[in-house]
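One structure below.
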Amino acid sequence: HFGLGFYSVFMVSENVEIETLSCQEGAEPVHWESKDGMDFAISEGHRTAHGTSIILHISDEEKEFLELYRVREVLTRYCGYMAYPIYLMDANAKPVEREEEIPGETNEDGTPKKRKVVDEPKPSLINDTKPLWLKKPSECEDKEYIDFYHKMFGWEDPLFWVHLNVDYPFNLKGILYFPKLRNDFGKYEGQVKLFAGQVFVADNVKEVIPEFLTLLKGVIDCPDLPLNVSRSFLQNDGTVKKLSAHITKKVADKLCGLFNTERETYQKYWDDIAPFVKFGAMRDQKFYEQVKKAILYKTTDGRYLTLEEYKTANADKADKKVYYTNDPKRQAASVALYTNRGIDVVVMDHIIDGNFQSFMEYSGGEEGIGVLREKRMHAAIKRFVCADSSYHEQRPVTLSDAASDGDEKKRKKAKKRKKGLTFAAKSGMLRPASAKYSEEESNMKRRGTAMMMCEMCMGMMSMCMFRRAEKVISFPKTV
């Protein structure tokens with residue numbers, strides 16, 4: 001009764017032989033042979049010691065599997081942590097002669113006597129039968145976790161890790177590591193290895209492991225997984241759903257526990273783990289509900305605040321808005337307009353922050369939070385220019401602005417503007433509706449207007465040159 005795994009031998013073999021002898025008393029050796037796994041022949045075997053030998057006659061197209069390095073690679077990948085020891089021996093290896101000293105004996109000149117010793121080839125152990133993830137967390141040291149990470153994923157140290165150890169209602173063991181994420185993590189994919197009974201199955205099985213957790217690295221071992229079914233069945237399997245939810249909960253508990261007990265350490269890790277936490281919040285509502293109080297916002301002065309802390313600190317100044325910048329250096333002048341008035345400005349310069357702001361506005365479940373976006377607020381905004389001429393800023397039109405313009409339509413739209421906490425603004429700093437322009441700011445505005453006029457004139461000139469216009473355009477000296 002062969003399992004499905006055995007028949008994979010015919011993918012690389014043109015003929016397979018088995019010599020076997022049972023350990024039962026009085027058993028006779030048996031020889032089994034087949035060329036395709038469908039038809040086979042059984043005859044008397046020649047084995048004298050109990051056990052089994054499987055001989056593969058490799059086809060010409062698969063000769064690579066006769067190379068020692070290739071066999072070692074396959075064994076290490078799929079059986080590197082199997083519960084039973086696996087040895088690999090090079091059949092072409094030859095005995096090695098060497099000399100060794102004879103203890104207590106010397107030559108006439110006082111030098112130690114030596115003798116020749118022949119070392120016969122020995123099989124090498126391939127796998128680790130007791131991997132780290134099977135141990136209890138209390139029995140593991142930090143060095144063991146780091147060494148295991150280096151062995152599996154390379155030499156860069158992880159930030160921290162989560163050790164999974166569950167016996168009920170399902171059997172689950174594993175370790176998930178938080179690596180440092182690059183800013184271009186959109187192209188990045190972690191590596192969560194799925195095992196079943198210490199046998200490697202696949203990397204990043206999204207039907208079992210939540211998608212956002214594939215940004216992490218680690219191993220998950222669950223013998224209860226039904227692996228002889230399709231992936232569409234896995235998605236609806238009750239055990240798989242419970243497994244996925246439990247993994248998510250353990251990761252969230254780790255983040256919240258670190259935030260509550262080691263706030264300073266958590267803040268040091270935040271810049272590296274923020275993309276993962278924000279991506280997880282957008283992908284899994286339950287995960288967001290668990291970690292929302294541990295989501296931090298970094299201010300331009302280097303402080304880390306939760307949303308509630310930001311709202312409390314700026315309650316009387318920010319008019320229920322969250323002010324942010326996506327380039328604190330280039331927008332330094334605009335940032336200073338707010339920090340000088342004691343308003344905290346948060347830095348949101350990661351590639352994921354734009355989507356995260358939209359999530360907080362529409363799906364985050366935070367009452368009174370919104371993101372002013374140009375498309376949605378187009379009818380209720382007036383454009384002005386930042387001190388950095390490469391960035392244009394936006395200011396909501398107030399009711400008084402609309403009335404002074406005599407524009408009834410604008411005034412009605414301004415009335416409908418969403419009230420509450422607002423992220424402001426997407427490409428620069430949003431101007432508070434009630435703020436007045438100082439002389440310096442008015443000069444900035446005039447300079448910005450002049451810059452726009454120059455851009456318009458340059459565009460007109462380029463258009464005329466492209467069309468080979470014959471007329472010469474003269475520009476005002478003031479421009």
Side-chain angles (χ1 to χ4, degrees), residues 1-97 117-131 134 151-152 193-203 205 219 221-231 233:
H1 294 81
F2 296 122
L4 183 64
F6 169 77
Y7 285 97
S8 64
V9 297
F10 293 101
M11 297 173 64
V12 296
S13 308
E14 57 186 16
N15 189 40
V16 179
E17 295 182 69
I18 296 178
E19 286 280 352
T20 183
L21 176 60
S22 172
C23 61
Q24 296 179 357
E25 188 175 350
E28 297 291 333
V30 177
H31 177 266
W32 181 95
E33 185 173 2
S34 177
K35 291 185 177 181
D36 56 9
M38 304 297 291
D39 300 323
F40 59 89
I42 295 180
S43 59
E44 182 180 351
H46 306 285
R47 193 177 180 90
T48 57
H50 76 267
T52 302
S53 298
I54 303 176
I55 300 99
L56 310 184
H57 298 270
I58 303 297
S59 61
D60 293 337
E61 295 82 6
E62 307 293 344
K63 291 294 185 181
E64 62 173 307
F65 290 101
L66 293 178
E67 299 292 338
L68 182 67
Y69 80 91
R70 187 71 174 97
V71 177
R72 185 186 298 276
E73 179 187 6
V74 173
L75 287 174
T76 302
R77 176 174 174 80
Y78 292 97
C79 307
Y81 298 96
M82 190 173 283
Y84 305 97
I86 299 175
Y87 293 88
L88 176 63
M89 183 174 179
D90 185 1
N92 298 320
K94 299 179 179 179
V96 178
E97 291 187 358
V117 179
V118 178
D119 291 332
E120 295 292 335
K122 295 181 180 180
S124 58
L125 181 65
I126 292 293
N127 58 322
D128 179 4
T129 58
K130 296 181 179 180
L134 294 183
K151 179 180 178 181
M152 296 287 288
K193 296 179 177 293
L194 179 64
F195 287 76
Q198 298 179 233
V199 179
F200 175 69
V201 177
D203 288 323
V205 180
V219 297
D221 191 345
C222 185
D224 298 334
L225 285 178
L227 298 178
N228 58 339
V229 296
S230 65
R231 288 196 164 188
F233 181 86

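Hydrogens, waters and symmetry mates are skipped; everything else that's a heavy atom, side chains included, is used.
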Rounded distance (nearest 0.5 Å) linking atom [atom1] of [X] with atom [atom2] of [Y]:
X    : Y    : atom1 : atom2 : value
S59  : N15  : OG    : CG    : 11.5 Å
K130 : N127 : NZ    : CG    : 12.5 Å
L56  : M11  : CG    : CE    : 13.0 Å

Provide the closest heavy-atom pair for [X] versus [Y] in the form atom of the first, atom of the second, distance.
X    : Y    : result
S34  : F40  : CB-CB, 3.9 Å
S13  : I58  : OG-CD1, 4.1 Å
H46  : P29  : N-CB, 4.2 Å
V201 : F195 : CG2-C, 4.2 Å

Sequence neighbours excluded and cut-off under 3.5 Å, please list the side-chain donor-acceptor pairs for residues 66-77, or say none.
residue : atom : partner : partner atom : Å
R70     : NE   : E64     : OE1          : 2.7
R70     : NH1  : E73     : OE1          : 3.4
T76     : OG1  : R72     : O            : 2.7

Quiz item: Within a strict 4.5 Å, meaning less than it, do heavy atoms of the W32 and T20 side chains meet?
Solution: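 SC-SC contact between W32 and T20 ruled out.
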Quiz prompt | Side-chain heavy atoms of E17 within contact of H31, under 4.5 Å | solution = yes
Which donor-acceptor pairs under 3.5 Å do side chains of residues 79-93 form with protein atoms, sequence neighbours excluded?
residue : atom : partner : partner atom : Å
D90     : OD1  : N92     : N            : 3.0

Exercise. Would you please name every residue forming a salt bridge (Lys or Arg N to Asp or Glu O under 4.0 Å) with K63, sequence neighbours left out?
Key: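 Salt bridge (Lys or Arg N to Asp or Glu O under 4.0 Å) check on K63 returns D60.
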Self-check item: CD/E44: more than 12 non-hydrogen atoms of other groups inside 6.0 Å
Solution: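 Counting neighbours around CD of E44, 12 or fewer heavy atoms of other residues, nucleotides or ligands fall under 6.0 Å, so no.
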Quiz item: Is it true that atom NE2 of H57 has more than 12 heavy atoms of other residues, nucleotides or ligands lying nearer than 6.0 Å?
Solution: yes
Practice problem: For V16 and F6, run side-chain contact (heavy atoms from CB on, under 4.5 Å): C-alpha distance rounded to whole Å, both residues' side-chain angles, the deciding distance at 0.1 Å, then the answer. | Solution: CA-CA 11 Å; V16 179; F6 169 77; 4.3 Å; yes
Exercise. Would you check, one step at a time, whether the test side-chain contact (heavy atoms from CB on, under 4.5 Å) holds for L134 with Q198?
Key: CA-CA 9 Å; L134 294 183; Q198 298 179 233; 3.3 Å; yes
